[in-house]
Amino acid sequence: MASTRRALVEVFVSQYLSLAVQFFSVVIIARLLTPEDIGVFSLGAAFVSLAHLLRDFGSAQYIVQETDLTRDRLRAALAVTLGLGWAVALVIFFGAPLVSAFYDNESIEKVLRLLSLNFFLLPFSTVTYAYLRREMNFFPSAVSGVSSTVVEASVAIVLAFAGYSFLSLVWGALAGTATAILVGVIFRPKEIPWLPGFREIGRVFVFGGRIGFVNVTTEISRLLPEFVLGKAHGFSDVGMYSRAYGVVRLFQRLILGGLSAVFGAKFAMIRRENDDMHKAYLHITACVSCLACLFYLNLFVLAEPFVLILYGDQWIEAIGLIRPWALVSVIGAFTMLAERLLTNVGEVRRVVRMTMINQPIRMVVVGAACVMGLEFIVYGLLIMAIIRTIIYYPHLKSIFHFTGLEFFSLVVRTLLPCVASAAATMMVYRFLISGLSFSLSAAFVVSSLAGFVVWLALILAFKHPLRQHFMEAVDWGRARICPSHTRA
């Protein structure tokens with residue numbers, strides 16, 4: 001338990017420091033670059049994001065979940081990531097003109113060719129960070145996250161001021177990646193081999209083929225709106241969609257990214273030790289979904305001041321996409337850890353089957369909505385959130401052995417505090433901007449705090465599973481401030 005708590009602290013300190021830097025850079029860059037500039041970079045980055053999954057081929061997840069990780073298997077994982085990484089780099093570099101011609105925009109070729117440089121060096125750090133996560137050592141990842149974010153933001157802002165347009169984001173991304181690789185070399189454990197090997201490569205490929213299919217299919221489905229919008233409606237719509245997606249995805253960056261990494265590794269450890277996963281699954285799902293619903297429901301209420309304060313008037317069109325998208329995300333909050341947890345307890349084949357059903361339907365539904373226009377995307381996402389829940393629920397129930405009544409109770413105990421919080425936030429915000437001379441920023445902060453206080457009070461009153469962690473945090477803080485009092 002102590003190692004899990006320490007890992008969570010390291011991950012979240014890193015994430016919040018990185019987020020503070022990212023917020024600062026996003027606010028500045030959103031005023032220096034146009035929606036079209038960001039749209040060009042976003043589209044190029046979307047192709048590269050998909051290529052990253054092909055490069056990794058599930059090797060990182062293989063290392064985390066493997067019950068008997070030998071040196072030969074580590075060398076095989078390195079061989080897979082190294083070979084595929086270099087192959088993907090060449091495909092992106094030489095295929096960039098074709099993508100540029102398809103979208104009739106020469107700038108995309110520059111973005112893709114520059115970003116392809118990442119793939120020659122990334123395989124070495126991939127194996128290192130995966131091995132450290134397996135050992136529940138998240139400190140190197142924390143250092144890497146903060147340092148690479150600072151470097152990326154600094155380079156991007158300086159070059160944006162200098163008039164490098166979308167290329168400022170490209171060079172920033174390259175600088176951030178180089179920093180992460182350097183940190184990985186510094187913290188590299190002695191057990192990690194430098195040379196690849198092929199003795200156990202078949203084992204890695206079997207796992208990688210399954211999880212790689214899941215990751216690539218999911219990523220194509222996620223990126224499809226940007227691909228379709230760029231061709232059908234232009235790069236301004238891509239930029240607007242990208243900005244809305246970035247806002248909605250803040251929960252993943254703020255909370256879920258750290259939780260999924262730590263709890264995924266923890267569940268793999270529980271499986272290796274043959275412990276009962278039923279109670280752990282319900283506890284984790286209750287905590288994560290409650291935090292997610294708190295974020296999304298309050299984002300629905302405060303979408304307008306959030307966008308205006310951070311990004312400015314030129315992004316106001318994104319508000320119409322953010323609000324309904326936030327409500328749709330509430331539906332998916334209760335299954336958002338499904339793939340990670342099922343993969344890390346060895347249920348890869350089940351995840352593949354679910355993906356083969358869910359993702360093709362999503363591509364058709366969301367792709368059709370994108371062709372119709374930006375405002376129709378949310379309808380497609382709503383349909384898919386419902387379908388995803390229907391598909392995933394029976395599988396989760398079968399593996400983690402919870403009852404329908406347990407899950408219903410979890411949903412009710414989660415939604416009540418979050419809905420009450422959003423209602424309090426809305427009332428306070430409307431009162432402040434209509435009846436008092438509060439600035440937009442001040443009203444945003446005060447109403448957010450009011451909503452949080454209501455949520456926290458109800459979490460404590462309903463004895464939600466998060467209450468335990470809150471009380472532990474209070475005790476931990478008290479012990480640090482008054483150690484003598486605590487001992488007494």
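All values reported here derive from a predicted model rather than from experimental measurement.
If you take OG1 on Thr128 and CD1 on Ile186, they are separated by 12.0 Å, rounding to the nearest 0.5 Å. Between atom CZ of residue Phe295 and atom OG of residue Ser329 there is a gap of 8.5 Å, rounded to the nearest 0.5 Å. The distance from the CZ atom of Phe306 to the CG atom of Leu302 is 9.5 Å, given to the nearest 0.5 Å. Of the inter-residue distances, the one linking Leu299 atom CG with Thr425 atom OG1 reads 11.5 Å to the nearest 0.5 angstrom.
Side-chain contact between Phe187 and Ser144: absent, with no pair of heavy atoms (C-beta onward) separated by less than 4.5 Å. In this structure, Arg323 and Glu304 have side chains that are in contact, with non-hydrogen atoms separated by less than 4.5 Å. Side-chain contact check for Leu382 versus Ile331: some heavy-atom pair is nearer than 4.5 Å. Taking 4.5 Å as the limit, some side-chain heavy atom of Ile92 sits within range of a side-chain heavy atom of Val88. Contact annotation: the side chain of Leu458 never approaches that of Leu416 to less than 4.5 Å [non-hydrogen atoms, C-beta and beyond]. By the 4.5 Å heavy-atom criterion applied to side chains, Glu152 and Ser25 are not counted as neighbours. Between Cys290 and Trp455 there is a side-chain heavy-atom pair separated by less than 4.5 Å. Using a 4.5 Å heavy-atom threshold, the side chains of Phe334 and Leu415 count as touching.
Closest approach of Thr149 to Gly145, counting heavy atoms only: OG1-O, 2.6 Å. The two residues Ser147 and Val183 have their closest heavy-atom pair at OG-CG2, 3.6 Å. Scanning both residues, Pro360 and Ile357, for their nearest heavy atoms gives CD-O, 3.8 Å. Taking both residues in full, the closest heavy atoms of Ala424 and Val454 are given as CB-CG2, 3.7 Å, listed atom of the first, atom of the second, then distance. Annotation for Tyr392 and Thr335: closest pair CB-CG2, 4.5 Å, computed over non-hydrogen atoms. Considering every non-hydrogen atom in both Leu132 and Pro189, the closest pair reads CD2-CG, 3.7 Å.
Side-chain contact check for Ser448 and Asn298: no donor-acceptor pair (N or O, by modelled atom type) lies under 3.5 Å.
The neighbour count for Arg199 CZ, taken as heavy atoms of other residues, nucleotides or ligands under 6.0 Å away, does not exceed 12.
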*Let me see the working for Thr177 and Ile181 under side-chain contact (heavy atoms from CB on, under 4.5 Å), right down to the final yes or no.*
CA-CA 6 Å; Thr177 299; Ile181 293 170; 4.0 Å; yes
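For the side chain to side chain contact (heavy atoms under 4.5 Å, CB included) criterion with Thr414, the lone passing option out of Cys293, Ser409, Cys287 is Cys293.
Between the side chain of Ser398 and the backbone N or O of Pro394, no donor-acceptor pair lies under 3.5 Å. The backbone N or O of Lys463 lies less than 3.5 Å from a partner atom in the side chain of Arg413, making a donor-acceptor pair. For the pair Ser421 (side chain) and Pro417 (backbone), a donor-acceptor distance under 3.5 Å is absent. Judged by distance alone, with hydrogens and angles left aside, the side-chain atoms of Tyr296 form no donor-acceptor pair with the main-chain N or O of Ala333 at under 3.5 Å.
Ring-plane geometry between Tyr281 and Phe402 is classed as parallel, the angle between the planes falling under 30 degrees on a 0 to 90 degree scale with a further cut at 60.
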